[in-house]
2 protein chains.
Amino acid sequence: MPSSDPHSLHPLDNLLGYHLRRASVAMMADFGKRLQAIKLRPTEATILLLIETNPGCIQSDIGRILGIQRANMVPMIAALEKAGLIARSAMDGRSHALHLTEQGEETLQAAKTIIDAHENYFQSMFSADENKALLTSIHRISKPGD
Amino acid sequence: MPSSDPHSLHPLDNLLGYHLRRASVAMMADFGKRLQAIKLRPTEATILLLIETNPGCIQSDIGRILGIQRANMVPMIAALEKAGLIARSAMDGRSHALHLTEQGEETLQAAKTIIDAHENYFQSMFSADENKALLTSIHRISKPGD
DNA sequence: TATTGTTATACTCTATAACTATA
DNA sequence: TATAGTTATAGAGTATAACAATA
């Protein structure tokens, strides 16, 4: 096998997909660990952020934004309601508007502090320019339509 | 709430961790879909690459490199052996050297063609300079020690 | 006819604890 | 004492199919 074979020497080294996965796992692990302090999981914190920005949205909206199946949204929303962080009020006969409770807003503020610390921890690995370039590039990969 | 709140307008837009996750999921989905043609899963293709580059390695080595628990390596290696893609030969009484079979080498070559197409599909979103910067940045996040 | 919420289910991936045999 | 392989098990996350109620 020729030594110029791009897979030979370090077969994973130039693979964007592999390192994207490892980086994502590393950040998710750090985020999850930090969120344990307020008994939230990463997806739950993300849902609280979305409800704050889109009060009155329905759980199917959130599922579409986050790429989560409707069926899998059910236990997540139920858990947040049971924990007293969100409230549901009937819109039509089939959908319920979602809002943060007072406790949900308080928890979200704590989550935001954690998110900032977590993001700063990783983003401080890079210069401002590197950071902007990195976010722009990753956006391009993750955006569905673009 | 002040409009300068970085979480308000598009609460996920500036979150590196969120977009890293979405990008990783997008690439993994594409990779997995392409690999179905040769009945491999992403992790299995990665293991074949590592065995080719490190013939005679043991499954615990692979687990350490990929961040997979020893217990979870067992069914993966067993499946690759059952599929006739790898062979095990006793080293000591407790560990087995791993090698690709002929069929395993053939399958790996097909996997490499798929990997190249998959990587090119995503890396063609960027210029050569952008690509290098992106890989360098992601390496920095995913590398354990650095 | 399409959408919302729901249940049930299954499959993958991951994490932990314990055991054995070997070094 | 530490390591390699293994088993069993439990917890997430994710995917599909089906159904009732509603739009």
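In what follows, every chain begins at residue 1, and chains take the letters A, B, ... in the order their sequences are listed.
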Query raised in the report: Within the distance-only criterion (no hydrogens, no angle test), does the side chain of A:Thr53 pair as donor or acceptor with the backbone N or O of A:Leu50 below 3.5 angstrom?
Result: no

Query - Cationic N near anionic O, under 4.0 Å, A:Arg64 to A:Asp61 - result: yes

Query raised in the report: Quick one: A:Ile86 CD1 to C:dG5 P, roughly how many Å, whole number?
Result: 11 Å

Query raised in the report: Earliest and latest nucleotide of DNA chain D, 5' to 3', sitting under 4.0 Å from a non-hydrogen atom of chain A?
Result: D:dA12 to D:dA23

Requested in this report: List in chain and number order the residues that pass side chain to side chain donor-acceptor pair (under 3.5 Å) with B:Arg88, two or more places apart in sequence or in another chain; answer none if no residue qualifies.
Outcome: B:Gln59, B:Glu81

Requested in this report: Answer yes or no: is there a donor N or O on one side and an acceptor on the other, between the side chain of A:Arg22 and the main chain of B:Ile141, under 3.5 Å?
Outcome: no

Query raised in the report: Hydrophobic clusters join Ile, Leu, Val, Met, Phe, Trp and Tyr when side-chain heavy atoms are under 4.5 Å apart, directly or via other members; which others share one with B:Ile58?
Result: B:Met91

Report task. For B:Ile77 and C:dC13, give me the distance from atom CD1 to atom P, rounded to whole Å. Result -> 14 Å

Report summary line: In numerical order, the residues of residues 56-75 of chain A whose heavy atoms come under 4.0 Å of DNA chain D are A:Gln69, A:Ala71, A:Asn72

Query raised in the report: Any sub-3.5 Å donor-acceptor pair from A:Glu119's side-chain atoms to B:Gly17's backbone N or O?
Result: yes

Report summary line: Residues passing the ring pair (Phe, Tyr, Trp, His ring centres under 6.0 Å) test with A:Phe122, sequence neighbours excluded, are A:His118

Query raised in the report: Heavy atom of residues 87-98 of chain A under 4.0 Å from DNA chain C: which residues?
Result: A:Arg88, A:Arg94, A:Ser95, A:His96

Query raised in the report: Does a side-chain N-to-carboxylate-O contact under 4.0 Å join A:Asp30 and A:Arg34?
Result: yes

Query - Minimum heavy-atom distance A:Met73-A:Ile68, with the two atoms named - result: SD-CG2, 3.7 Å

